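Here's the structure we're looking at; comments come further down.
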Amino acid sequence: MTRMFALVDCNAFFVSCERVFQPHLEKKPVIVLSSNDGCAISRSNEAKALGIFMGAPLCKIKDIVIKHNVYTFSPNFSLYADMSARVMETLKVFSQQLEVYSIDEAFLDLSSIPRHELMAYGSHIKKVIKKWTGIPVSVGIGPTKTLAKVANHLAKKHPTGCYTLITPEKTATILKDFPLQDVWGVGAQWSKKLSSLGMSSALDLAQKDTRWVGKAFNVILSRTALELRGVSCLNLEELISPKKSMISSRSFGTPIYSFEDLREAVSYHVSSLAQKLRQQGSKTSLITVSLRTNPFDRKGSFYSNTLLVPLSFPVSDTSVLIKAAASALEILFREGLSYKKVGVTVLNLSPETQRPSFLFNEMNFETSPKRESLLKAVDQLNDKHGKGSLIFASEGLIKSWKSKSSWKSPSFTQNWSQLMRVG
DNA sequence: TCTGGGGTCCTAGGACCC
DNA sequence: TCTGGGGTCCTAGGACCC
């Protein structure tokens, strides 16, 4: 039996989340900005119609925003995460086999639904999600994940918000006019190269010999070519696999000059990563610190550098990681520069249950039960009273390095005092 | 005023070993 | 003149995704 996948994608997700709690924003141009109020990362249809592009820097669209009274929000990621969880929970009603692909997208296995009912089933999903969560979605259905993605593109423009690509004939007709750069897995670089080789539509790639594609590009793109042809190569990944790396980084609201401020910012990132490591039940044995000045600043010379610090054993202890990161920062820091961003990455993650046999005394500090229960208590307090309730001293209290966030909506789903009031 | 943040996978090439 | 060949592991870099 051929398989059948649906891709359910939330429309302008962050904007839609804001609208659920502020219904007066319906039909109005709305945008949500990136961290630091940098650029537009989610746009309502009305905002798109005004010519606001994905990733447009706020400073460059300021005139449009003022002239057309575009409602502008700083990002409220915990709100979006909560709304995402509601959408995903609701989706489970329609298929037990579900892959949460990103914060606003999920693949569903619909192989068991009769072919002639798929269109109606897709429309039904859309209606129920809207009714139960307030979020509008588009549904694309096809025999492979890549074709479901293509169908979803078309669904966004279709009045029903649902589109199916079931027969090979219809699929070929659609792919003939479907630009290659819009295919899932084909980015800017490859579409440029493909175009120079004479391919411009998705059908061109689908009809190419896959071995040739594999040689000229790689196995990923040859898989994409097969999927476009209707051969399913990518399975539904229902299990959420543990992360193999984690990043915490942020641009500063205003440039930072002092080592002390940088160290506080780095400590903050490390602390947040360490907590996420413990949440996932992982430890890291490689931490990297990177910092850079503003790459867009024409005056000063650009400085960007990263340092890897291998740890002698896997850890998730905040203090141990802060020490390692601070020593890296000392090496990276150059006096007199105006820094714009720091970031910390933890790699080589391993399950915390997988412990190496101990040879050295230094292990004792990290693994002592007292130490572990202390960190557990810190995590529990922060869970209960909100992130940042209890922090490590090195994170600092002033946070002069924090990001800009001028127009953040209230914590509608997180904080009792900020719940919506009715009547 | 000034351009996000967080991930994954694949490949080539070097180091090292026998 | 000749100076192996094959395997594994690791890393950096490049591509992609949201």
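Every value quoted in this text rests on a predicted model; they were computed, and no experiment measured them. Just so we're on the same page: letters track the sequence lines, and every chain starts at 1.
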Where does DNA chain B form stems of at least three consecutive Watson-Crick or G-U wobble pairs, each pair having both distances below 3.5 Å?
B:5-18 with C:5-18

Classify the side-chain pair A:N36/A:S251 by whether it contains a donor and acceptor separated by less than 3.5 Å.
no

Taking A:S191 for the side chain and A:A188 for the main chain, is one N or O donor matched with an acceptor at less than 3.5 Å?
yes

Exam field: side chain A:S74 to backbone A:W407, donor-acceptor pair closer than 3.5 Å:
yes

For atom NZ of A:K145 and atom C1' of C:dC18, their distance in whole Å:
14 Å

Under 4.0 Å between a Lys/Arg side-chain N and an Asp/Glu carboxylate O for A:E237 and A:K145?
no

Determine the interatomic distance between C1' on C:dC17 and the same-named atom on B:dG4; round to the nearest Å.
15 Å

For A:N36 and B:dC2, what is the distance between atoms CG and P respectively, to the nearest whole Å?
9 Å

Taking 4.0 Å as the cut-off, does a side-chain nitrogen or oxygen of A:K341 come that near to OP1 or OP2 on B:dG5?
yes

Please work out which residues in residues 184-203 of chain A have a non-hydrogen atom less than 4.0 Å from an atom of DNA chain C and list them by number.
A:W184, A:G185, A:V186, A:G187, A:A188, A:Q189, A:W190

Is A:V183 touching bases, backbone alone, or none of the nucleic acid, heavy atoms closer than 4.0 Å?
sugar-phosphate

Check every strand shown and say whether A:K276 touches a base, only sugar-phosphate, or nothing at a heavy-atom separation below 4.0 Å.
nothing

Separation of A:Y80 atom OH from B:dG6 atom C1', in whole Å?
16 Å

Under 4.0 Å, counting only non-hydrogen atoms across every strand here, what does A:N294 touch: a base, just sugar-phosphate, or nothing?
sugar-phosphate

Test item: A:N218 side-chain N/O and A:I220 main-chain N/O as donor-acceptor pair under 3.5 Å
yes

Between A:F107 and A:W184, ring centroids under 6.0 Å:
yes

Atom-to-atom span, CZ of A:F13 to C1' of C:dC17 - whole angstrom:
17 Å

Which whole-number value in Å describes the distance from A:F252 CZ to B:dG4 P?
14 Å

Check this for me, if you would: do A:E260 and A:R263 make a salt bridge, where the nitrogen-to-carboxylate-oxygen distance has to be below 4.0 angstrom?
yes

Give the nucleotide from the list B:dT1, B:dG4, C:dC18 with an atom nearest to the side chain of A:K62.
B:dT1

Do the side-chain N and O atoms of A:R223 and A:T146 include a donor-acceptor pair separated by under 3.5 angstrom?
no

For A:C59 and A:S248, find the nucleotide of DNA chain B closest to each by heavy atoms; which residue's nucleotide sits nearer the 5' end?
A:C59

Donor on one side chain, acceptor on other, A:N11 and A:S138, under 3.5 Å:
yes

For B:dG6, does OP1 or OP2 lie under 4.0 Å from any side-chain N or O of A:S249?
yes

From CE of A:M54 over to P of C:dC18, roughly how many Å is that when rounded to an integer?
10 Å

Greater than 12 external heavy atoms within 6.0 Å of A:K60's NZ
no

Remember a base hit wins even if backbone is also touched, and classify A:D104 as base, sugar-phosphate or nothing at under 4.0 Å, heavy atoms.
sugar-phosphate

Below 4.0 angstrom, which residues in residues 211-247 of chain A have at least one non-hydrogen atom near DNA chain C?
none

Atom CD of A:E105 and atom C1' of C:dC16 are separated, to the nearest Å, by 14 Å

Using 30° and 60° as the class boundaries, would you call the ring planes of A:H124 and A:Y121 parallel, tilted or perpendicular?
tilted

How are the rings of A:W401 and A:Y268 set relative to one another: parallel (under 30°), tilted (30 to 60°) or perpendicular (over 60°)?
tilted

Quick one: A:F296 CZ to B:dC2 P, roughly how many Å, whole number?
12 Å

